[in-house]
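Below you'll find the structure, written out as structure tokens, and then a few comments.
By convention in this document, chain letters (A, B, ...) are assigned in the order of the sequence lines, proteins followed by strands, and residues within each chain are numbered from 1.
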There are 4 protein chains.
Amino acid sequence: MRLLFCGDVVGRSGRDAIAKYLPGLRRDLKLDFVVVNGENAASGFGITEKICKQFIESGADVVSGGNHSWDQRESLSFINNEARLLRPVNFPEGAPGRGAALYEAPGGRKVMVINAMGRVFMDPMDDPFAVIAKILERYRLGTGLSAVIVDFHGEATSEKMAMGHFLDGKVSLVVGTHTHVPTADHTILPGGTAYQSDVGMTGDFDSVIGMKKEVPIMRFTRKLPTERMSPATGEATLCALFVETDDKTGLALRVEPVRIGGRLSQSMPEVA
Amino acid sequence: MRLLFCGDVVGRSGRDAIAKYLPGLRRDLKLDFVVVNGENAASGFGITEKICKQFIESGADVVSGGNHSWDQRESLSFINNEARLLRPVNFPEGAPGRGAALYEAPGGRKVMVINAMGRVFMDPMDDPFAVIAKILERYRLGTGLSAVIVDFHGEATSEKMAMGHFLDGKVSLVVGTHTHVPTADHTILPGGTAYQSDVGMTGDFDSVIGMKKEVPIMRFTRKLPTERMSPATGEATLCALFVETDDKTGLALRVEPVRIGGRLSQSMPEVA
Amino acid sequence: MRLLFCGDVVGRSGRDAIAKYLPGLRRDLKLDFVVVNGENAASGFGITEKICKQFIESGADVVSGGNHSWDQRESLSFINNEARLLRPVNFPEGAPGRGAALYEAPGGRKVMVINAMGRVFMDPMDDPFAVIAKILERYRLGTGLSAVIVDFHGEATSEKMAMGHFLDGKVSLVVGTHTHVPTADHTILPGGTAYQSDVGMTGDFDSVIGMKKEVPIMRFTRKLPTERMSPATGEATLCALFVETDDKTGLALRVEPVRIGGRLSQSMPEVA
Amino acid sequence: MRLLFCGDVVGRSGRDAIAKYLPGLRRDLKLDFVVVNGENAASGFGITEKICKQFIESGADVVSGGNHSWDQRESLSFINNEARLLRPVNFPEGAPGRGAALYEAPGGRKVMVINAMGRVFMDPMDDPFAVIAKILERYRLGTGLSAVIVDFHGEATSEKMAMGHFLDGKVSLVVGTHTHVPTADHTILPGGTAYQSDVGMTGDFDSVIGMKKEVPIMRFTRKLPTERMSPATGEATLCALFVETDDKTGLALRVEPVRIGGRLSQSMPEVA
Ligand SMILES: [Fe+2]
Ligand SMILES: [Fe+2]
Ligand SMILES: [Fe+2]
Ligand SMILES: [Fe+2]
Ligand SMILES: [Fe+2]
Ligand SMILES: [Fe+2]
Ligand SMILES: [Fe+2]
Ligand SMILES: [Fe+2]
């Protein structure tokens, strides 16, 4: 199966990149399943129903979230009607929506997607290691389940690498989100799980993590209140990870970064 | 001028990579100046005088540090006699050693190296923005100063990107260290400063940030005391950043990642 | 029922105060049940089996813990054989020992003690609100259960006050530990639960939270490695909270601080 | 000299307590100098010019602040014209207003007030230990300076106790603010400095640190967005510290808590 995971889409610039490039990627890379992290899609803060639908129309099968999942109040309600939108699975019981679900890829193949949040340097949440382990007791690769994709939304590389190894051999992909900077450590772990510490944002990199740079610089240097931050408006780089998996084992055969447009070095897998 | 910055060397595996590859890199990339971050060189924790000398013998002009600078007690004293070893400049006044200094590259060219520590999700330190700005009041690129290299040792991508833009046009390179994972966002900022959020460690990537993975995974999942962490012993990937600068302006002409050996995708600049 | 809760005992000075004063308090205050937090009893770090037994001999019915519960390795094993020693209930599943248990007071009255850890500014743990709520579904005051005592080991006053109100009317006492400083906000909440944000340590207050002051001051001002911290050796103030409850409702009738010895202002309830 | 320090005034309930009790306290306790921390006076967030003037009319000589100093935008400008309003002294250079100043008490006696912010579990600021030490190089008790009052606005008891001992003998009073809960550890340190880890808020204690309790409890338990927090409206307890100093040495002779009104146990010094 061919999977693509697109990192945190930031604001209009990021959304434009998804609309512009994702349909072509879906075709050229012969993708079977696409996940887009949308926690910063609406002006940098959260996601609206309209934007979520746009991502799906552009080719996303699932839209995942993170600490910004609820920044737009409407997400608290429409997530209950939108099975393709996930929020972190380790929110307290009773949170709206779902954090993990089973989806169908072409040919009736089953794909599980899990969205979880790290706890190091982040808001206290239920233990992501325990929560994911519990899910995987019931869902095992290679038993009618073609792929498991884990979006691990976290800050610390230590926690992310630990999660990668913790799940190695049990899931198809552990990919980090949240830092908004792509890491160059995409790899297939010894047990067969594809891994990247952070896929990076889909946003304008002439910025501070996607936001216009003047305001955050002032915050760091002056420690005084500022106007609200807003997304940078230059051309975005679409940052994503391409993974090919073996449908029988569910494990990764190939992992390669995708970077299109904007200021970052470009990268595009070649698919026969 | 041709610069190379090598990220946090972790343990014996990382030191072996420096010894094996740095002399050849110095020659093949025709390097004029090399900085190695050595804060994790001694069993993952700090640096000894012996190891510092080995790095210099292998081709380092300067060895920088971070939050682990003092993990080996001997560093508190030998740093006073070793002008080539830096510790973060924003330690409280009276700390041993120095955090910024002027060095000489071939042809009598002057290179300033500044080592600073971020404050987001890290131990409280003096304001790195203010401290660096004050240094740069006296040291300006293009006035007899060929290059300024800033090793910004920090956790948060927001603080690192803000520092990059804050110094853009005033220094040759702002390169992040500390997360131990190389980022794929190497770029030349609009004002001419080369930038990378994190250069990544020189260590074994089949690990949790360079340490054998079993112990950190247990810490995350069980929250009980464990034995001490120790560096992973597999082959290291040397992670570095290659930068070419204009000696007149001190600004960057070219920036490219270096990754040799070990598990990460390989990258090597071509130098005519 | 008459309850006494003694705060974090720090080192020998704190242990001496328990040995010296607790037997008399037990008698003079006509106590039915005593809990002592012992997480710093062994040189400031953790607790040994020997010290735990001493507390019980001096009159403790239960010894509770906190983030330092495991600092002495032997506690990982002897806690399994010592039903009177608790560790925070919101450790990951599979942790040694127990975090909540039912005990017997004179006259066959049942007392539940719950030890839980806060998450604000502390190591990530399972959600203490959810974990305690789940326990209280099965254990309700006034149905054969005479008292429920919650030792909430936390840093932030906001989280502690929120826990107090969250449990108000459902438990006899929510008492904070961990900051090592007694608060003057002992009260009976509107629903009948006794509350104090922090009971304070039983230790020498001419110190930094019970430790000799020179080393911590150096850490704050110099940010360099120091020798290990060790408990201050001056006379301790025993800090405790005295609570009288109604055996039928399990709610509080009276709450008063106890402070004996050492440097703090003295306080002793009068019991007819 | 007789000093009174009133802790963080929260919202209307807290302001009413200041207006109601401070004039009488000024008279009955024969106060020479009064400081009120006003960082939460305006609906729990910051302070307005009007409120600041009300505090002064009620008997405050100085109004201090903290991390909430700038929550009301108007404070960024009117602080420049209001010498009696302080903000933390360890804000970055160039911040509006001042963090330490010399004031006059009856009889021409000089009183220095310093407002500083801690760094443990708080936003990164300049080193408060270093900043205060530098001020005290020029201002020494007993050389025409009758008293030095330090409002140390911080979270961690360790940092606060360390600051107390660090300044012991050099200032008249180190009093903590920010946690909104009064501590029962008021004391005169060995060197003669009066000390209390936290003076506590002047606000309604049937609350979560002064705010209506429902919203913060929901935040802790559900981790979902809520409406804005607003101050609790029950009767406030005025929490303050009374200190008598020797005008010659500037050191403390007597220290006693003040608690009037509301739910906390009442405390009132007797002054002949
Ligand atoms: Fe994001
Ligand atoms: Fe995020
Ligand atoms: Fe490092
Ligand atoms: Fe580091
Ligand atoms: Fe403790
Ligand atoms: Fe503790
Ligand atoms: Fe406050
Ligand atoms: Fe505050």
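- Between C:E155 and D:A156, the closest heavy-atom pair is OE2-CA, 3.7 Å.
- Heavy-atom distances place no part of D:A133 under 4.5 Å from chain C, backbone and side chain included.
- The OG atom of D:S158 sits 11.5 Å away from atom CE of C:M211, with the distance rounded to the nearest 0.5 Å.
- Interface remark: of the candidates C:P190, C:G210, C:P257, C:P190 forms the most heavy-atom pairs closer than 4.5 Å to chain D.
- For a residue to count as touching a neighbouring chain, one of its non-hydrogen atoms must lie under 4.5 Å from one of that chain's; by this rule D:T221 touches chain C with backbone and side chain alike.
- How far CZ of C:F121 is from CE of D:M122: 7.5 Å, rounded to the nearest 0.5 Å.
- The greatest number of non-hydrogen atom pairs below 4.5 Å with chain D, out of C:P182, C:C239, C:G200, C:S267, is found for C:P182.
- Note: C:H180 NE2 to D:S197 OG = 12.0 Å, rounded to the nearest 0.5 Å.
- Only the side chain of D:D127 comes within contact range of chain C, judged by heavy atoms closer than 4.5 Å.
- Atom CD of C:Q266 is surrounded by more than 12 heavy atoms from other residues, nucleotides or ligands within 6.0 Å.
- With rounding to the nearest 0.5 angstrom, the CD1 atom of D:I217 is 10.0 Å from the CE atom of C:M163.
- For C:R254, the CZ atom sits in a packed shell: over 12 heavy atoms of surrounding residues, nucleotides or ligands are nearer than 6.0 Å.
- Considering only heavy-atom pairs separated by less than 4.5 Å from chain C, the leading option among D:T237, D:L264, D:D198 is D:L264.
- Here the side chains of D:F220 and C:V120 are in contact, with some heavy-atom distance below 4.5 Å.
- Here the side chain of D:T157 pairs a donor or acceptor atom with the backbone of C:T179 at under 3.5 angstrom.
- For D:E214, no part lies near chain C; criterion is any non-hydrogen pair under 4.5 Å.
- Residue D:D206 holds its CG atom at 8.5 Å from CE of C:M161, rounded to the nearest 0.5 Å.
- For D:K223, the part sitting under 4.5 Å from any heavy atom of chain C is the side chain, from C-beta outward, and nothing else.
- Here the closest heavy-atom approach between residue C:R259 and residue D:A184 is recorded as NH1-CB, 3.4 Å.
- Residues C:H165 and D:V208 come closest through the heavy atom pair CD2-CG2, 4.1 Å.
- If you measure heavy-atom distances from D:S207 to chain C, the contacts under 4.5 Å come from both the backbone and the side chain.
- Going from atom CG of C:D185 over to atom CZ of D:F205 covers 6.5 Å, rounded to the nearest 0.5 Å.
- Within 6.0 Å of CZ on C:R15 lie more than 12 heavy atoms contributed by other residues, nucleotides or ligands.
- Heavy-atom distances place no part of D:R219 under 4.5 Å from chain C, backbone and side chain included.
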